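Accompanying notes for the structure given below.
These numbers were taken from a predicted model, which means no experiment stands behind them. The figures that follow rest on heavy atoms only: side chains count, while hydrogens, waters and symmetry mates do not. Both counts, for ligands and for their atoms, begin at 1 and track the order of listing.
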Amino acid sequence: MPHTLLLAAPRGFCAGVVRAIDVLDQVLEREEPPVYAFHEIVHNRYVVDSFERRGAVFVDSVEEVPEGACIVFSAHGVSPEVVRRAQERRLRVIDATCPLVTKVHLETRKAARDGFDVLLVGHEGHDEVVGTTGEAPERTRVVDSPADVRALADGGRPVFVVTQTTLSVDDTAATIEEIRAHYPQAEIRNDICYATTNRQAAVRALAERAGLVIVVGSENSSNSVRLREVAAAAGATAYRVDGLEEIDPAWYDGVEVVGLTAGASVPDELLDLIIADLRERGVTQVEPVVVATETVEFRLPEELALPVIEA
Ligand code: SF4
């Protein structure tokens with residue numbers, strides 16, 4: 001059984017997730033439920049379940065929201081088409097899109113306006129990619145691998161490259177290298193965010209020392225899934241779980257050092273349960289593995305800057 005637990009630092013909540021959760025939390029304090037949110041506020045089952053118990057209703061279409069009601073846009077952002085349809089229904093919008101995702105939207109919109117074809121490196125169908133593509137759907141193509149780049153037909157226009165914020169740093173480097181080979185003049189922005197980059201560096205450091213790495217995060221959380229992949233690529237046995245209940249104690253057999261981390265949408269309390277369980281199983285040493293210190297904070301949207309008015 002393990003005697004040592006290595007804790008990745010940083011791990012868990014990023015500034016964009018903290019902001020999105022604070023937004024929905026404050027809206028639930030101010031409004032009579034139900035409060036609507038477009039898509040999961042962040043990709044974590046525990047967080048979403050907790051908000052549902054307080055009266056949040058997560059929808060995949062603004063048409064599900066009654067006219068004139070309040071809707072919160074999730075951290076992953078939405079396309080201008082969703083904004084337009086929300087306006088048509090006279091919805092009161094509070095936008096919890098992470099500012100680092102908004103930056104990618106603005107880059108995409110400007111590039112298309114300036115006459116570029118946009119290559120968006122990302123996972124087709126992910127909420128963030130759908131939203132960003134919607135800024136210039138006729139000009140944007142999504143590529144997820146070097147093979148996707150090789151299969152592209154030349155659009156005849158200069159190329160501008162943006163990326164999803166939560167990609168694997170290493171996989172993205174390979175895709176961007178292929179883009180450079182095909183489009184030497186391409187203007188390239190690497191938009192993988194600080195939180196994704198730091199968490200991947202930290203899990204790589206864990207994997208160098210731990211025989212087993214456990215990543216906490218939901219299966220639809222892109223950055224959590226990437227963390228497990230990075231740990232596995234670095235040579236550790238790695239599992240992604242939603243929480244303690246999904247851990248099979250047999251994974252600990254023959255393991256002396258366990259590494260633990262969490263995706264950017266995962267609350268600390270889920271890790272605390274796993275840490276307590278490991279202590280009960282005999283872990284005596286808990287050691288942080290620090291690769292970066294994060295100080296990023298985002299302000300709440302202006303709509304929430306007013307004080308709460310008690311009835
Ligand atoms: Fe923003 Fe990065 Fe967090 Fe996504 S992972 S919400 S882009 S800080």
#### Entry: Minimum-distance protein heavy atom relative to atom 7 (S) of ligand 1
T165 OG1, 3.3 Å
### Numbered atoms of ligand 1 (with element) below 4.0 Å of C98, judged on heavy atoms
1 (Fe), 6 (S), 7 (S), 8 (S)
### Atoms of ligand 1 close to C14 [distance to a heavy atom under 4.0 angstrom, numbered from 1]
3 (Fe), 5 (S), 6 (S), 8 (S)
### Query
Do you know the tightest heavy-atom contact between V130 and S79?
O-CB, 4.3 Å
### Query
Looking at E31, E303, E67, which hits salt bridge (charged side-chain N to carboxylate O under 4.0 Å, His left out) with R92?
E31
### Query
Going hydrophobic residue to hydrophobic residue with side-chain gaps under 4.5 angstrom, can you get from V42 over to I192?
no
### Task
Could you tell me the residue and atom name of the protein heavy atom closest to atom 2 (Fe) of ligand 1, and the distance to it rounded to 0.1 Å?
C193 SG, 2.3 Å
### Task
Could you walk me through whether S218 and E40 pass the side chain to side chain contact (heavy atoms under 4.5 Å, CB included) test, one step at a time?
CA-CA 12 Å; S218 292; E40 293 188 345; over 6 Å; no
